[in-house]
Amino acid sequence: MWTPKYRYRILKGEIKADIERSIHQFVEQQGGLVDELNVQIDHVHLLASVPPKVSISSFVVKVKGQTSIRIFQKYKSLKQKLYWGNHFWARGYCVDTVGLDEEMIRKYVKYQEEREPNK
């Protein structure tokens, strides 16, 4: 899970669609597979299978970095606002490994938006 800078509620419409496409593309470029993806208005949940040779930290940094570059290139007006600086995403992320509870976590990611109405 990760969020836009200052947890701005900006992940909607075309931006949301572009982020979803970008995440799929950049996960696959690293040899991974998107199992579930849920882009909500102020955060992203991703359940992905990652090859053992890929470190989780470098995987997340690449996905966040590449999507950020793509969004700023396509939506140049965002970068003109001083609060963005050169960073679309907030620093940090939350990662956990999945084992026995994979199905439960998959359902959480897939259906979270239904359970957690937009604030």
Side-chain angles (χ1 to χ4, degrees):
M1 195 266 299
W2 64 88
T3 66
K5 194 171 181 181
Y6 307 120
R7 202 152 183 161
Y8 282 128
R9 300 165 61 80
I10 193 169
L11 307 180
K12 54 189 172 185
E14 278 299 307
I15 292 175
K16 176 181 179 176
D18 286 335
I19 287 173
E20 288 171 343
R21 281 190 295 272
S22 295
I23 288 173
H24 277 277
Q25 179 184 357
F26 296 127
V27 167
E28 290 170 9
Q29 281 180 358
Q30 294 185 73
L33 176 65
V34 173
D35 296 319
E36 293 293 339
L37 175 62
N38 189 331
V39 177
Q40 293 192 22
I41 198 164
D42 66 349
H43 65 281
V44 173
H45 281 276
L46 170 65
L47 178 62
S49 302
V50 180
K53 66 181 179 179
V54 176
S55 81
I56 298 301
S57 60
S58 66
F59 172 81
V60 176
V61 166
K62 285 180 184 175
V63 171
K64 285 176 62 180
Q66 294 297 322
T67 55
S68 178
I69 290 168
R70 182 162 291 170
I71 292 301
F72 279 144
Q73 284 176 343
K74 186 165 183 180
Y75 303 94
K76 296 188 187 308
S77 62
L78 286 177
K79 200 153 186 181
Q80 293 171 354
K81 297 180 180 177
L82 295 176
Y83 51 76
W84 285 109
N86 288 321
H87 305 283
F88 182 79
W89 301 112
R91 290 182 63 181
Y93 51 88
C94 176
V95 173
D96 199 358
T97 58
V98 176
L100 298 174
D101 297 327
E102 179 180 357
E103 190 58 32
M104 179 184 71
I105 293 170
R106 182 185 303 269
K107 287 178 183 176
Y108 172 80
V109 170
K110 188 172 187 174
Y111 300 111
Q112 184 195 21
E113 201 162 16
E114 294 172 10
R115 291 187 210 142
E116 186 179 294
N118 289 335
K119 302 162 196 153

- Query: How far does NE2 of H45 sit from CD of Q40, to the nearest 0.5 angstrom?
  - Reply: 6.0 Å
- Item | Greater than 12 external heavy atoms within 6.0 Å of K12's NZ | no
- Item | R7 side chain near H43 side chain, heavy-atom distance below 4.5 Å | yes
- Query: Should L78 and Y8 count as side-chain neighbours, where that means a heavy-atom distance under 4.5 Å?
  - Reply: no
- Query: Hey, are the side chains of Q25 and R70 touching, using non-hydrogen atoms and a 4.5 Å cut-off?
  - Reply: yes
- Query: Hey, is the main chain of A90 close enough, under 3.5 Å, to the side chain of K64 for a donor-acceptor pair?
  - Reply: yes
- Task: Please report the shortest heavy-atom distance between A48 and D35, naming the atom on each side.
- Result: C-OD2, 3.7 Å
- Task: Would you name the heavy atoms of W2 and G92 that are closest together and state the gap between them?
- Result: CB-O, 4.0 Å
- Note on the structure: Tightest non-hydrogen contact, residues P51 and G31, listed as CG-O, 3.2 Å
- Message: Distance check, rounded to the nearest 0.5 Å: K79 atom NZ versus S68 atom OG?
- Response: 7.5 Å
- Message: Between F26 and L33, is there shared hydrophobic-cluster membership here, with clusters defined by ILVMFWY side-chain heavy atoms closer than 4.5 Å?
- Response: no
- Are V27 and V54 joined in one hydrophobic group, where the rule is that I, L, V, M, F, W and Y side chains link up if heavy atoms are under 4.5 Å apart? yes
- Query: If only atom types and distance count, is the side chain of K16 paired as donor or acceptor with the main-chain N or O of V39 below 3.5 Å?
  - Reply: yes
- Of the options T3, T67, V63, V61, which is the one that meets W89 in a side chain to side chain contact (heavy atoms under 4.5 Å, CB included)? T67
- Message: Would you say that F59 contacts L46 through its side chain, given a criterion of any heavy-atom pair below 4.5 Å between the two side chains?
- Response: yes
- Message: With a 4.5 Å cut-off on side-chain heavy atoms, are H24 and L37 touching?
- Response: yes
- To the nearest 0.5 Å, atom CG of L47 lies from atom CE of M1 at 14.5 Å
- Note on the structure: CD1 (I23) and CG (D18) are apart, to the nearest 0.5 Å, by 11.0 Å
- Is V34 reachable from V95 through a run of hydrophobic residues whose side-chain heavy atoms are each under 4.5 Å from the next? yes
- Query: If you look at every heavy atom in Q30 and S58, which pair is closest and at what distance?
  - Reply: OE1-O, 4.1 Å
- Looking at CD1 of I41 and CD1 of I15, how far apart are the two atoms once the value is rounded to the nearest 0.5 Å? 10.5 Å
